[in-house]
Amino acid sequence: MFTVPIYIFFFAYFIFLIIFTFFSIVNLAHLFHTGAFTFVSFSVTIIVTIVTILILMATWFLLQNVDWQQTITLFDKDWFTGGSNYF
Amino acid sequence: MNVSQFIGQKSYEKIIKTVRRHGTTFIPYITIFIFLALVPVGVGWLLNSVFPTLLESPVGYPLLLLSASVYYLSLCLFFYSYFVAFYLDMWIITNDRIVDINQISLFGRTVAEVELYQIQDVAAEVHGFLPTIFRYGTLTLQTAGAVPKFVIEDVPRPYELQKLLLDLSNEDKKYHAGIAKK
């Protein structure tokens, strides 16, 4: 049986956030570098930033009471041998 | 950095106009992203119907929530990347040349330019229902330069731009003819 605690997925989520931040900064840098930071691009940047903050806040709010020490079974040979009550 | 620095503006050069694609041509992207944003709602409803206990389980709930968060953040990032690629597709018209900046992707960009005096012909085309209503179309420039055909797509008011380019080209030809006589 192979089980992992669910905080592993939380760490994976943080790695995703780092990649997300990197690509967002690259996009912003493109706008600055080409002199395309106008009212339109500024507005879209603000809207995307607000939506991103709302998503992060909602995620944080809904995950507050989660017990991250819980484990999830990724593989169990009983699934194939029929020794489990799952099937 | 500003546009002047980006194109390496010459001392005698003046930026006449910066042209971008018409905003209407970005609407299909917005529609697709709105549709994609609704997908998790449908998936959530389906999961709730088929596996009613999944959203209440202490393991399934946080994992589904993290997945949904990753999905929506990715959607935001893709939308922003599409917008940047769309917005950085631009043509800078100066009194000396046209600089075509084509943002292909986040890490891909081509910059081409044509001297105004090399322009031989400018054709404007408005084709289709939306382009006619919102007045945008394609400009095709025939040039005597290294790039024989220069296409500017989805530009607002193409006929006005065509006239502007022809006028600027004629001015530049006169200037270059004057230099040649000297």
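None of the values given here were measured: they were computed from a predicted structure. In what follows, chains are A, B, ... by sequence order, proteins preceding strands, each numbered from 1. Side chains included, hydrogens not; waters and symmetry mates left out as well; all remaining heavy atoms used.
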>> Pair A/V66, A/I6 - check side chain to side chain contact (heavy atoms under 4.5 Å, CB included), show working.
In response: CA-CA 10 Å; A/V66 169; A/I6 57 170; 4.1 Å; yes

>> Please find the pair of heavy atoms, one from A/I8 and one from A/V4, that lie closest to each other, and give the distance.
In response: CG1-CB, 4.4 Å

>> I need the B/F51 CZ to B/L64 CG distance, nearest 0.5 Å.
In response: 10.5 Å

>> For the residue pair A/Y13 / B/S69, report whether a side-chain donor-acceptor contact shorter than 3.5 Å exists.
In response: yes

> Under a single-linkage definition using a 4.5 Å side-chain heavy-atom cutoff for Ile, Leu, Val, Met, Phe, Trp and Tyr, are B/V155 and B/L116 assigned to the same hydrophobic cluster?
Replying inline: yes

> Hey, which of A/V51, A/I19, A/V26 has the most heavy atom pairs under 4.5 Å with chain B?
Replying inline: A/V26

> Is the number of heavy atoms from other residues, nucleotides or ligands within 6.0 Å of NZ (B/K10) greater than 12?
Replying inline: yes

> Which answer fits B/L63, side chain, backbone, both or neither, if we ask what part of it has an atom under 4.5 Å from a heavy atom of chain A?
Replying inline: side chain

>> Give me the atom names and distance for the closest heavy-atom approach of B/T94 to B/L168.
In response: O-CD1, 4.2 Å

> Under 4.5 Å between any side-chain heavy atoms of B/L139 and B/V122, yes or no?
Replying inline: yes

> What pair of heavy atoms forms the shortest contact from B/P62 to B/S57, and how long is it?
Replying inline: CD-O, 4.2 Å

> With a 4.5 Å limit on heavy-atom distance, are the side chains of A/W60 and A/Q64 in contact?
Replying inline: yes

> For chain A, which residues of residues 123-135 of chain B have at least one non-hydrogen atom nearer than 4.5 Å to it?
Replying inline: none

>> So B/D172 and B/Y175, do their side chains get closer than 4.5 Å, heavy atoms only?
In response: yes

>> Do A/F10 and A/F61 land in one hydrophobic cluster if side-chain heavy atoms of ILVMFWY residues count as linked below 4.5 Å?
In response: yes

> Can you name the one residue among B/K149, B/E153, B/Q162 that meets side chain to side chain contact (heavy atoms under 4.5 Å, CB included) with B/T140?
Replying inline: B/K149

>> Under 4.5 Å from any heavy atom of chain B, what part of A/F16 do you find: side chain, backbone, both or neither?
In response: side chain

> To the nearest 0.5 Å, how far apart are CD in B/E115 and OG in B/S169?
Replying inline: 11.0 Å

>> Quick check on B/Y159: does its OH atom have over 12 non-hydrogen neighbours (other residues, nucleotides or ligands) under 6.0 Å away?
In response: yes

> Nearest 0.5 Å, what's the CZ-CZ distance between A/F2 and A/F75?
Replying inline: 10.5 Å

>> I'd like to know which of A/T45, A/L56, A/D67 tops the heavy-atom pair count under 4.5 Å against chain B.
In response: A/T45

> Among residues 95-103 of chain B, which residues come closer than 4.5 Å to chain A, judged by heavy atom distances?
Replying inline: B/Q103

>> Looking only at heavy atoms and a cut-off of under 4.5 Å, which of A/V40, A/L28, A/I72 has the most pairs with chain B?
In response: A/V40

> Which residue out of B/S67, B/G60, B/A68, B/P58 racks up the most heavy-atom pairs below 4.5 Å with chain A?
Replying inline: B/P58

>> Quick check on the structure: residues of residues 13-39 of chain B within a heavy-atom distance below 4.5 Å of chain A, by number.
In response: B/R20

>> What residues of residues 70-93 of chain B make heavy-atom contacts with chain A at a cutoff under 4.5 angstrom?
In response: B/V70, B/Y72, B/L73, B/S74, B/C76, B/L77, B/F79, B/Y80, B/S81, B/F83, B/V84, B/Y87, B/L88, B/M90

>> Please evaluate residues B/R109 and A/H33 with respect to the criterion side chain to side chain contact (heavy atoms under 4.5 Å, CB included), reporting the C-alpha separation (whole Å), side-chain torsions for both, the decisive distance (0.1 Å), and the verdict.
In response: CA-CA 12 Å; B/R109 177 192 298 149; A/H33 180 67; 3.8 Å; yes

>> Let me check something: do A/I55 and A/I53 share a hydrophobic cluster, defined by ILVMFWY side-chain heavy atoms less than 4.5 Å apart, either directly or through other members?
In response: no

> So which part of A/I47 gets closer than 4.5 Å to some heavy atom of chain B, the side chain, the backbone, both or neither?
Replying inline: neither

> Does any N or O in the side chain of B/N170 come within less than 3.5 Å of the main-chain N or O of B/L166, such that one atom is a donor and the other an acceptor?
Replying inline: yes

>> Under the criterion side chain to side chain contact (heavy atoms under 4.5 Å, CB included), I'd like the reasoning laid out for A/F42 against A/L31: C-alpha separation, chi angles, the key distance, then a yes or no.
In response: CA-CA 9 Å; A/F42 178 74; A/L31 286 176; over 6 Å; no

